[in-house]
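Notes follow the structure.
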Amino acid sequence: MRAAIFTGETKLSVEDVTSIEPGPNDVVVRIGASGVCHSDLSFMNGTIAMPPPCILGHEGTGIIEWAGPEVTRVKVGDHVVASFVPSCGHCFWCLNGQSNLCSLGEETMLKPKATRGDGSVAISLTGLGTFADQMTAHEASVVKVDTDLPDEQLALIGCGVTTGVGAALNTAQVTPGSSVTVIGCGGVGQAVIQGARIAGAARIIAVDPVELKRKAAEQLGATDLVDPSAGDAIAQVQALTGGRGVDYAFEVIGLPDTIVQAYEMARRGGTAVVVGMPRMDSSVTLGGFSLFYAEKKLLGCVYGSAQVRRDFPRFVELVETGRLNLADMVSRRIGLDEVNDAFRAMVAGEVIRSVITHT
Ligand SMILES: [Zn+2]
Ligand SMILES: [Zn+2]
């Protein structure tokens, strides 16, 4: 198989590797499409520590071409979307309706997946590794979908869409008529905006310094656009909300400064949600009196608090009925060999999402 591997260098190595024999609970998926997510870059640049070599890619879809003898949930020929947190169904978190925190994830992420030409053994990002033409994963890491939607759109459900729409619908539970601000309008931010629109928010304020992203936000449901490079973003958001601040503020970058901004943008009694992934060694400082007196809720958010076996089919249906627009989130279709250029385009602010397609 061919795969894009993080070797500790700044660029991925796209190379032929030999897959390791799958286990009895594993499935082998022929990848149809894989989105290039900012979190892949976060593993490459050390935001989150990851021992190389590792096949990257955690947002993908494809067809099952082999299933282990103990696999019960899916079968050969099923169309699946990969879930970057498995959902085992029987751990403490799964039983408490929090399968986005499933404990099986720690085990699956360190499984060896492929042998490289030099003999070294690669693991795969979050137990997936969708930057490849084929992927071996635990059956708990895939969810069957029944749809004719194109793979380039389905792939996005695996991370960006579920994280963003889920942040609005599941984590924050945005209410009709409410006010929302979204700081950072990449793929996940655009999905938060769409989730807020689906939830019926009256005002959705998109905050991003890149014009292309603000324009996309407007197209996908933002009612107001704020350029943080053109003046204090908190003051601009407060001016749009009668000086109060918003009911829900989403931080979708993962930086301490913008997390504090999101907290400040939320109104007294409002909610701030940390959707972006901060560095492991970062910390956030908030005013102690404000934590008490402003009575704001500050929420962490892993994978949009999604229960993937419930939510993937739900999001597919929202796309099929025209309520969730994924077509306009796909900026570029590329081959696996162009993956490094996709990261360049991401950093340059040229795209919402690049998608690797194999068709
Ligand atoms: Zn992602
Ligand atoms: Zn579990």
Side-chain angles (χ1 to χ4, degrees), residues 1-9 11-37 39-40 42-44 48-89 91 102-144 151 155 158-159 308 335-337 339-340 356-358:
M1 66 183 245
R2 198 156 172 77
I5 297 182
F6 168 60
T7 61
E9 304 295 320
K11 289 199 164 153
L12 299 185
S13 167
V14 182
E15 55 190 64
D16 291 318
V17 294
T18 307
S19 44
I20 285 173
E21 197 172 337
N25 296 107
D26 288 340
V27 292
V28 177
V29 178
R30 171 70 41 194
I31 300 289
S34 172
V36 180
C37 175
S39 300
D40 293 296
S42 296
F43 286 99
M44 290 162 69
I48 303 292
M50 160 67 67
C54 177
I55 305 169
L56 290 199
H58 62 282
E59 183 181 88
T61 186
I63 305 282
I64 294 191
E65 56 181 19
W66 182 91
E70 290 175 24
V71 169
T72 57
R73 287 190 196 169
V74 286
K75 60 182 188 310
V76 171
D78 282 354
H79 200 171
V80 294
V81 173
S83 170
F84 77 77
V85 179
S87 173
C88 79
C91 73
C102 175
S103 60
L104 185 63
E106 290 157 29
E107 192 183 309
T108 54
M109 74 172 68
L110 294 173
K111 281 260 171 78
K113 290 295 173 68
T115 308
R116 303 174 66 211
D118 65 3
S120 62
V121 173
I123 58 170
S124 65
L125 186 56
T126 67
L128 297 179
T130 59
F131 290 171
D133 47 22
Q134 180 187 302
M135 164 185 90
T136 298
H138 194 285
E139 68 163 324
S141 296
V142 297
V143 176
K144 186 186 174 192
D151 278 353
C159 175
V308 291
L336 183 60
D337 288 310
V339 64
N340 287 306
I356 300 166
T357 59
H358 296 276

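Among all heavy-atom pairs drawn from Pro86 and Cys102, the shortest one is O-CB, 3.0 Å. Contact between Leu12 and Ala4 at its shortest, heavy atoms only, is CD1-CB, 4.0 Å. Considering all non-hydrogen atoms of both residues, Asp40 and Leu56 come closest at O-CD1, 3.6 Å. The heavy-atom pair separating Ile356 from Phe131 by the smallest distance is CD1-CD2, 3.7 Å. Shown here for Lys144 and Lys75, the closest heavy-atom pair between the two residues is NZ-NZ, 4.2 Å. Between His358 and Ala132 the shortest heavy-atom distance is NE2-O, 3.2 Å.
Side-chain atoms of Glu59 and Leu128, non-hydrogen and from C-beta on, never get closer than 4.5 Å to each other. Counting heavy atoms from C-beta on, the side chains of Cys54 and Phe43 never come closer than 4.5 Å. You'll find the side chain of Met135 stays beyond 4.5 Å of the side chain of Val28, heavy atoms only. In this structure, Asp26 and Val71 have side chains that are not in contact, with every pair of non-hydrogen atoms separated by 4.5 Å or more. The closest side-chain heavy-atom distance from His138 to Glu107 is not below 4.5 Å. Within the 4.5 Å cutoff, the side chain of Val14 has heavy atoms near those of the Arg2 side chain. Annotation: side chain of Phe6 is not in contact with side chain of Leu125 (no heavy-atom distance under 4.5 Å). Between Ile123 and Pro51 the shortest side-chain heavy-atom distance falls below 4.5 Å.
Distance CD1/Ile20 to OG/Ser124: 10.0 Å, rounded to 0.5 Å. The distance from the SG atom of Cys37 to the CZ atom of Phe84 is 7.5 Å, given to the nearest 0.5 Å. Atom CE in Met44 sits 9.0 Å away from atom OG1 in Thr7 (nearest 0.5 Å). Taken from OG1 in Thr61 to CD1 in Ile63, the straight-line distance is 7.0 Å, to the nearest 0.5 Å. The distance from the CD1 atom of Ile31 to the CG atom of Asp133 is 8.5 Å, given to the nearest 0.5 Å. The CZ atom of Arg73 sits 11.5 Å away from the CD1 atom of Ile64 when rounded to the nearest 0.5 Å.
Judged by distance alone, with hydrogens and angles left aside, the side-chain atoms of Glu139 form no donor-acceptor pair with the main-chain N or O of Val27 at under 3.5 Å. Remark: side-chain polar atoms of Thr130 are paired, donor with acceptor, to backbone N or O of His58 under 3.5 angstrom. With hydrogens and angles disregarded, a donor-acceptor distance shorter than 3.5 Å links the side chain of Asp118 to the backbone of Ser120. Although no hydrogens or angles enter the test, the distance criterion places no donor-acceptor pair under 3.5 Å between the side chain of Ser19 and the main chain of Ala114.
Checking each of Lys111, Glu21, Lys113 against Thr136 for a side chain to side chain contact (heavy atoms under 4.5 Å, CB included) leaves exactly one that passes, namely Lys113.
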